[in-house]
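If you're wondering where the values come from, they're calculated on a predicted model, not measured in any experiment.
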Amino acid sequence: MDVSKISDADQQAVRQAMQYCVEHWDEECATLFGIELDELKRALHRWPLLLEEDETGLEVAAIGALRELLYGASSLPRAAVQEAIGISFDQAEALIETLNGD
């Protein structure tokens, strides 16, 4: 993925979504994300600086965090998304599509 296609605000939103998921991690998250908590923490510290070196791992963490925040057991009400990650619910949905390459 070309990092230049992701705005600074979107990069920060992904970082904040990953941080939210680290703080709200539960036993189901590993199954939902397809990664373990320690992998999510590493991704948080590497995002987006090492995206080109570990594209798949960082994309899995980024998409998983956004999906959990929007739709998962720890999801926020639509109105709270903007405050939590700096972009709206609709913008976060569009960001997931961008990260997926859609």
Do I6 and V14 come within less than 4.5 Å of each other through their side chains, counting heavy atoms only?
no

Holding to side chain to side chain donor-acceptor pair (under 3.5 Å), I want the full list of residues that pass it with S75, two or more places apart in sequence or in another chain.
none

Pairwise distance CG(L76) to CD(E68) - rounded to 0.5 angstrom:
9.5 Å

Residues passing the side chain to side chain contact (heavy atoms under 4.5 Å, CB included) test with A30, sequence neighbours excluded, are W25, E36

Here the gap from I85 atom CD1 to Q91 atom CD, rounded to the nearest 0.5 Å, amounts to 9.0 Å

Taking side chain to side chain contact (heavy atoms under 4.5 Å, CB included) as the test, write out the residues that go with H45, two or more places apart.
none

CG of L99 to CZ of R67, rounded to nearest 0.5 Å, is 9.5 Å

Before giving the answer on side-chain contact (heavy atoms from CB on, under 4.5 Å), spell out for I87 and L95 the whole-Å C-alpha distance, their side-chain angles and the decisive distance to 0.1 Å.
CA-CA 10 Å; I87 60 174; L95 180 53; 4.0 Å; yes

Taking salt bridge (Lys or Arg N to Asp or Glu O under 4.0 Å) as the definition, give me every residue that meets it alongside D38, ordered by chain and number, with sequence neighbours left out.
R42

Please report the interatomic distance CD(Q82) to CG(D90), rounded to the nearest 0.5 Å.
10.5 Å

Taking all heavy atoms of A17 and all of L69, pick out the closest pair and write down the distance.
CA-CD1, 4.5 Å

Answer yes or no: is there a donor N or O on one side and an acceptor on the other, between the side chain of D8 and the main chain of Q11, under 3.5 Å?
no

Distance-minimising heavy-atom pair for H24 and C29
O-SG, 4.5 Å

Holding to side chain to side chain donor-acceptor pair (under 3.5 Å), I want the full list of residues that pass it with Q19, two or more places apart in sequence or in another chain.
E23

Test of understanding: with side chain to side chain donor-acceptor pair (under 3.5 Å), list the residues that count as partners of E39, not counting sequence neighbours.
none

For the CD1 atom of I63 and the CG atom of L66, what is their distance to the nearest 0.5 Å?
8.0 Å

Say you draw a straight line from CG of D10 to CD1 of I96; how long is it, rounded to the nearest 0.5 Å?
11.0 Å

